[in-house]
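Each chain gets a letter, A, B and so on, in the order its sequence line appears, and its residues count up from 1. All values below come from the heavy atoms of this structure, side chains included, with hydrogens, waters and symmetry mates left out.
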2 protein chains.
Amino acid sequence: MKNITIKDIARELNLSTSTVSRALRDSTEIGAETKKRVLELAHRLDYNPNPVALSLLSSQSNDIGVIVPEIANPFFAIVIAGIEDVAFAQGYHVVIYQSHEDYEREVLNVKHIYNRRKDGLLVSVATTTTDYTHFKNIHERGFPIVFFDRICEEIDTHSVSVDDFEGGYKATEHLIQQGCQRIAHVSGPDHLLISRRRFQGYRAALLDYGRPLLDDLVISSPYSPANALETVQLLLTMPNRPDGIFASSDNIAIGCHAAIIAAGLRMPEDIALVGFSDLPIAAMLNPPLSSVAQPAFEMGRSAAELLIKLIRNPGEHGTSINNTLKTKLMVRKSSMRVSESN
Amino acid sequence: MKNITIKDIARELNLSTSTVSRALRDSTEIGAETKKRVLELAHRLDYNPNPVALSLLSSQSNDIGVIVPEIANPFFAIVIAGIEDVAFAQGYHVVIYQSHEDYEREVLNVKHIYNRRKDGLLVSVATTTTDYTHFKNIHERGFPIVFFDRICEEIDTHSVSVDDFEGGYKATEHLIQQGCQRIAHVSGPDHLLISRRRFQGYRAALLDYGRPLLDDLVISSPYSPANALETVQLLLTMPNRPDGIFASSDNIAIGCHAAIIAAGLRMPEDIALVGFSDLPIAAMLNPPLSSVAQPAFEMGRSAAELLIKLIRNPGEHGTSINNTLKTKLMVRKSSMRVSESN
DNA sequence: GTGAAAGCGCTAACAG
DNA sequence: CTGTTAGCGCTTTCAC
């Protein structure tokens, strides 16, 4: 597995390695003739500079690390596509890491990214993370970090998120307008900022419309359909069951959806349902699921842009930018009780 | 962003870098006292060896590269989880790449993996790939490769796949046993081995049961629900529409599912449907989708094990192992016309 | 038991 | 214009 090095070319052409190096980078101060010979041979030999050597030399890698909880979650997959879109165009390669919602794993990932001299980090934190020192450590050493979606407020750096409050508000308001009287909320893990903000939107909408906030209509579930299914069955067998549900994520909503069907209830007649994220699968369900759309691709793009800005202007510790993107309620059959005439 | 190096430790302790290096690797021929002092200081300073330097020195990285078409596809996400499971345990880090079903992108990914001195490659090829020279090149140079799921027969190396023929056979046989008379097949991209094999299973089952193979009941679709939805609408509006569909993947089946619902047809009464892969979402659909389960996690584990074996025993060009895993038909409501009493 | 020196592949002063 | 030297961080002969 011998690879061609700059040395091989130098020997072959009776030049020094530095001359070859310069010719390859197209330095102006190189004989046109020499340059041509070098380029020609390099191409013929299929020479590729060893990125590892470059990396050792420059302490850079042209890689940016991305940590997401799960790549299997289409939301994150789309965000990553957005990240790749701008990173690729700027000459960066994206290296994907999964925390699997596990704190220990996240710490390891951060270490790997930092030690391997990645140029920066994009991260959406794991649900189990409550201690942020692993991020703080590298942030203090000047390592560029941008948080997206599940951001960490304790660290003063750029971030990108959506207006979760507004999303929660719009979803709940919609259910009210559809005539729902008892609107439940299945929230995500409590210590996640996005969970809390979506809940706050839910609460604010209820209050604004003069509805009571009933404790037993608010339950929390992990971000998985199977878990949500189980959790929500409790809600459905209550003596006074809800006639509307706002789920804090589509994965949770998918579980609710299945539970409602399994319980033999009609959607939206008996229970109206709204999710959050508008994953591609939402429109494919039966009945199709209403959901608060997040601009996932755009989120990825924005996060990558901010990170690259940070990488290219080190030290410049100006004010941190917190880009908040807008959500959009996609109304589909799962919540459409009143025919909308707009 | 200054990092502690072996040199810092040496200076501090008035030792040479080589001594420190040896102490750190716990070499036997080092004074117990010295070793203790080095270890102690290294720990106090939070010393981390620079992996890039190691990599330059050894031409290894302890990273293995994985190329999948799309991480958003839960099947691949689960395979990756399986890969990570064994890789992690063996001290390897998994670096994930996406080809996005694009040949050019796949070539770039392969180059990156090879140039960055990853220790090996696990790959499921893109649908648009018809030329395999990028794989052949590095394979000839002794670079370890293992194919999984979408394998490449032209290259003599280990691979892991499922018995696609058997899966297609079982799915079709099941539909026949459910009383379906006109069974359609929505296949994946034609040049993909797995598509062809699943189709062959379908054909064989029809023949074995004395059914005709009707050309207009076999159509091909890309692996995406939206595309499949569109494609399958043609089938449903045929004068003599099918009463059973075997879809070559769950993503295709999800599109079929939505199309059938949208057409106002009953499932399984009017049309019975079976998918392939048994993604987690399958059981959550309404009605729940029957599907041929593939051991995705196991596939990842097996592929990783084979690759690591290849990495650790280079040169040992014994016979290539082609591990074929078994499928299992999961019967759910979407295809259950006859109550099964087993 | 420990140090000096060389080298992995490449670039960047520093000389000519 | 081109060659020499040094060094990125680390391991590994080869000496002592």
Side-chain angles (χ1 to χ4, degrees), chain A residues 1-42 45-63 111-112 114-119 141, chain B residues 1-42 45-63 111-112 114-119 141:
Chain A
M1 210 168 85
K2 179 79 184 78
N3 282 289
I4 306 294
T5 76
I6 217 171
K7 234 155 132 182
D8 299 322
I9 300 184
R11 189 171 350 91
E12 189 93 3
L13 259 34
N14 260 312
L15 289 170
S16 76
T17 57
S18 32
T19 304
V20 176
S21 171
R22 278 184 282 243
L24 256 16
R25 347 225 96 249
D26 200 28
S27 164
T28 51
E29 335 125 17
I30 279 287
E33 175 60 19
T34 315
K35 195 184 290 183
K36 218 185 84 187
R37 288 172 60 220
V38 172
L39 255 26
E40 201 274 323
L41 182 62
L45 260 38
D46 190 31
Y47 166 76
N48 282 298
N50 181 337
V52 181
L54 269 323
S55 187
L56 180 58
L57 205 53
S58 65
S59 289
Q60 294 193 109
S61 60
N62 280 310
D63 283 346
K111 276 218 176 90
H112 196 271
Y114 180 76
N115 286 332
R116 289 304 233 270
R117 305 300 189 269
K118 305 302 179 203
D119 293 356
R141 298 196 189 194
Chain B
M1 208 169 88
K2 181 78 183 78
N3 283 288
I4 305 296
T5 76
I6 217 170
K7 234 157 131 180
D8 299 321
I9 300 183
R11 189 171 350 94
E12 188 93 4
L13 259 35
N14 260 314
L15 289 170
S16 77
T17 58
S18 29
T19 305
V20 175
S21 171
R22 277 184 281 241
L24 256 16
R25 341 228 98 249
D26 200 29
S27 165
T28 51
E29 331 126 17
I30 279 288
E33 175 59 19
T34 315
K35 194 185 290 184
K36 218 185 87 189
R37 287 172 60 219
V38 171
L39 256 25
E40 202 273 323
L41 182 62
L45 261 38
D46 189 30
Y47 166 78
N48 282 299
N50 181 337
V52 180
L54 269 322
S55 187
L56 180 58
L57 205 54
S58 65
S59 289
Q60 296 193 106
S61 60
N62 280 310
D63 284 344
K111 277 218 175 88
H112 196 271
Y114 180 76
N115 286 333
R116 289 304 231 272
R117 306 299 189 270
K118 305 300 179 203
D119 293 356
R141 299 195 188 194

Terminal axes of the helix from C:dG1-D:dC16 to C:dG16-D:dC1 (five pairs each): angle between them, nearest 10 degrees = 50°
What residues form a salt bridge (Lys or Arg N to Asp or Glu O under 4.0 Å) with A:R116, not counting sequence neighbours?
-> B:D63
A:R25 has a side chain; which of D:dC10, C:dT11, C:dG9 sits nearest to it?
-> C:dT11
Identify whether any heavy atom of B:T5 sits under 4.0 Å from a base atom; if not, whether one sits that close to sugar-phosphate; answer base, sugar-phosphate or nothing.
-> sugar-phosphate
Winner on side-chain proximity to A:L57, out of D:dC8, D:dC10, D:dG3, is D:dC8
A:Q60 CD to C:dA12 P, in whole Å, measures 12 Å
Starting from the C-alpha separation in whole Å, work towards a yes-or-no answer on side chain to side chain contact (heavy atoms under 4.5 Å, CB included) for B:K36 and B:L41.
-> CA-CA 9 Å; B:K36 218 185 87 189; B:L41 182 62; over 6 Å; no
Taking OP1 and OP2 of D:dG3, is either one under 4.0 Å from a side-chain nitrogen or oxygen of A:T19?
-> yes
Evaluate side chain to side chain contact (heavy atoms under 4.5 Å, CB included) for B:L15 paired with B:T34, printing each intermediate quantity in order.
-> CA-CA 9 Å; B:L15 289 170; B:T34 315; 3.7 Å; yes
When B:S18 and A:A53 are each assigned the nearest nucleotide of DNA chain D, the 5'-most assignment goes to A:A53
In whole angstroms, the gap separating P of D:dG3 from CG of A:L15 amounts to 5 Å
Rounded to whole Å, the CG-P distance (A:N50 to C:dG7) equals 18 Å
Test item: B:N50 and A:N115 side chains (from C-beta on) under 4.5 Å apart, heavy atoms | no
Within the structure shown, what part of the strands sits under 4.0 Å from B:N14 by heavy-atom distance: base, sugar-phosphate, or nothing?
-> sugar-phosphate
Between B:L24 (CG) and D:dT11 (C1'), how many Å, whole number?
-> 12 Å
Should A:Y47 and A:I6 be marked as a side chain to side chain contact (heavy atoms under 4.5 Å, CB included) after you check the CA-CA gap, both sets of side-chain angles, and the distance that decides it?
-> CA-CA 8 Å; A:Y47 166 76; A:I6 217 171; 4.2 Å; yes
Backbone N or O of B:T17 within a donor-acceptor pair of the B:S21 side chain at under 3.5 Å?
-> no
Where do A:R117 and B:N3 land on the side chain to side chain contact (heavy atoms under 4.5 Å, CB included) test, with the steps shown first?
-> CA-CA 11 Å; A:R117 305 300 189 269; B:N3 283 288; 3.8 Å; yes
Taking only N and O in the side chain of B:T34, is any of them less than 4.0 Å away from OP1 or OP2 of C:dT2?
-> yes
Under 4.0 angstrom between B:K7 side-chain N/O and D:dG7 OP1 or OP2 | no
Of all the choices, D:dC8, C:dA4, C:dC10, which nucleotide is nearest to the side chain of A:I6 once you look at every atom?
-> C:dC10
A:D119 side-chain N/O to A:Q60 backbone N/O, donor-acceptor pair under 3.5 Å = no
Protein-nucleotide distance (B:D8, atom CG; D:dC8, atom C1'), rounded to Å = 13 Å
Whole-Å distance, A:L56 CG to C:dA12 C1', equals 14 Å
Taking atom P of D:dC14 as reference, at what distance in whole Å does atom CZ of B:R22 sit?
-> 13 Å
Closest to the side chain of B:Y47, out of D:dC10, C:dA4, C:dC8, is D:dC10
Rounded to whole Å, CD1 of B:I9 lies from C1' of D:dC10 at a distance of 12 Å
Determine: side-chain N/O of A:S21 to OP1/OP2 of C:dT11, distance under 4.0 Å, yes or no.
-> yes
Is there a side-chain polar atom (N or O) of B:S16 under 4.0 Å from OP1 or OP2 of C:dG3?
-> yes
